[in-house]
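Notes to accompany the following structure.
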Amino acid sequence: MKEHAHTCQEQLKQLQTEFDEFAYIVSHDLKAPLRAISNLSGWIKEDLGEALEPDIAHNIHLLQNRTERMERMISALLSFSRVGRQDLEVREVAVQELIEKIAAPFQEKSGLKVHLSQLPTLTTYCRKLETVFCHLLQNAVQFNEQETPEVWISAKQLPTHFLFSVRDNGIGIPADSLGKIFKMFYTVQPKDRQESLGAGLTIVHKIVRFAGGTIEAKSDLNQGTEMLFTWPLSLTA
């Protein structure tokens with residue numbers, strides 16, 4: 001029985017590796033023809049010049065927007081496939097200093113207010129933890145209709161993990177969408193109303209799982225969102 005379980009685990013690991021390699025290769029190879037389409041549409045627009053009719057100009061604009069979006073989706077797939085292979089440096093991280101650095105551009109551009117409490121210093125995957133907080137802060141700002149977006153970040157030490165809480169005053173998530181938000185390219189708002197790929201939380205979920213933690217969301221519509229994730233107390237370099 002133990003030998004069978006070990007074999008299944010090895011097969012599952014191999015399948016995951018093959019999937020990551022497949023996603024990387026497909027995503028990388030799709031970028032070149034997309035750039036060609038975008039460039040070609042731009043050249044057509046330039047060649048027609050003042051003779052360009054409004055409806056044709058509109059269609060070219062749509063084509064360029066769609067190819068740009070598709071390229072960003074491919075980049076998201078590449079980031080997803082690289083989670084287990086990149087940013088593996090382990091070093092000491094002062095979480096408060098890390099978040100202050102991440103939050104600075106959001107504070108300057110959107111007036112984000114960040115409230116930090118009881119944040120630890122730990123030895124871990126610095127860049128991966130940075131990516132997690134970056135995506136969560138970006139969502140807190142992007143999906144927020146308040147005059148002043150705010151986010152509260154705290155941590156609690158458990159026996160083997162830290163429990164991080166990232167809570168915002170944004171638009172919230174409907175109850176029937178909470179189970180879907182970690183799926184790739186899922187968006188709560190229609191894509192023509194809210195410019196979002198729906199990839200950030202999927203990448204966050206994979207990073208947290210890779211590090212040995214778990215993540216969940218608590219939210220009500222128009223009542224903000226709280227992201228709760230666990231992260232190991234320490235990793236050995």
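Values below: all heavy atoms of this structure, side chains included; hydrogens, waters and symmetry mates excluded.
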Using a distance-only test with no angle check, is there a side-chain donor-acceptor pair under 3.5 angstrom linking [X] and [Y]?
| X | Y | value |
| --- | --- | --- |
| S165 | E226 | yes |
| N144 | N169 | yes |
| S117 | W152 | no |
| N139 | H135 | no |

Over 12 non-hydrogen atoms of neighbours within 6.0 angstrom of [atom1] in [X]:
| X | atom1 | value |
| --- | --- | --- |
| E216 | CD | yes |
| R209 | CZ | no |
| M70 | CE | no |
| H58 | NE2 | no |

Answer whether the closest heavy-atom distance between the side chains of [X] and [Y] falls below 4.5 Å.
| X | Y | result |
| --- | --- | --- |
| P149 | F106 | no |
| T121 | V95 | no |
| K156 | Q118 | no |
| L221 | I171 | no |
| V93 | T123 | no |
| V114 | E100 | no |
| N222 | E145 | no |
| L63 | I37 | yes |

Tell me the closest heavy-atom pair linking [X] and [Y], and the distance in Å.
| X | Y | result |
| --- | --- | --- |
| I181 | A217 | CD1-CB, 3.6 Å |
| A199 | F185 | CB-CE2, 4.3 Å |
| S41 | I60 | O-CG2, 3.9 Å |
| W231 | Y125 | CZ2-O, 4.3 Å |

Looking only at atom types and distance, does a side-chain atom of [X] sit under 3.5 Å from a main-chain N or O of [Y], one as donor and one as acceptor?
| X | Y | result |
| --- | --- | --- |
| T202 | F182 | yes |
| S219 | G224 | yes |
| S110 | Q107 | no |
| N59 | D55 | yes |
| H161 | G212 | yes |
| S79 | S75 | yes |

Both conditions, 6.0 Å and 45 degrees, for the charged tip of K206 above the ring of F80: are they met here?
yes
What is the ring orientation for F133 with F164, classed by angle as parallel under 30°, tilted 30 to 60°, or perpendicular over 60°?
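Answer is perpendicular, since the angle exceeds 60°.
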Working to the nearest 0.5 angstrom, can you tell me the gap between [X] [atom1] and [Y] [atom2]?
| X | Y | atom1 | atom2 | answer |
| --- | --- | --- | --- | --- |
| E130 | I102 | CD | CD1 | 5.0 Å |
| H205 | M227 | NE2 | CE | 10.5 Å |
| I173 | T225 | CD1 | OG1 | 4.0 Å |
| Q86 | L78 | CD | CG | 9.5 Å |
| L34 | I74 | CG | CD1 | 4.5 Å |
| L201 | Q138 | CG | CD | 10.0 Å |

Hey, any chance [X] and [Y] share a hydrophobic cluster, counting ILVMFWY side chains that come within less than 4.5 Å of each other, even indirectly?
| X | Y | value |
| --- | --- | --- |
| L52 | W43 | yes |
| M184 | Y186 | yes |
| F229 | L158 | no |
| L163 | L98 | no |
| L178 | L136 | yes |

Check step by step if side chain to side chain contact (heavy atoms under 4.5 Å, CB included) holds for K128 and V132.
CA-CA 6 Å; K128 290 189 182 299; V132 168; 5.8 Å; no
When you look at V141 and K109, which way does the side chain to side chain contact (heavy atoms under 4.5 Å, CB included) test go after all the steps?
CA-CA 10 Å; V141 171; K109 185 177 180 180; over 6 Å; no
Show your reasoning for whether side chain to side chain contact (heavy atoms under 4.5 Å, CB included) applies to L62 and R66.
CA-CA 6 Å; L62 288 178; R66 296 300 187 271; 4.1 Å; yes
Run the numbers on L112 and V151 for side chain to side chain contact (heavy atoms under 4.5 Å, CB included), then give the verdict.
CA-CA 8 Å; L112 174 67; V151 63; 4.1 Å; yes
Tell me whether E89 is salt-bridged to R127, with the criterion being a basic N under 4.0 Å from an acidic carboxylate O.
no
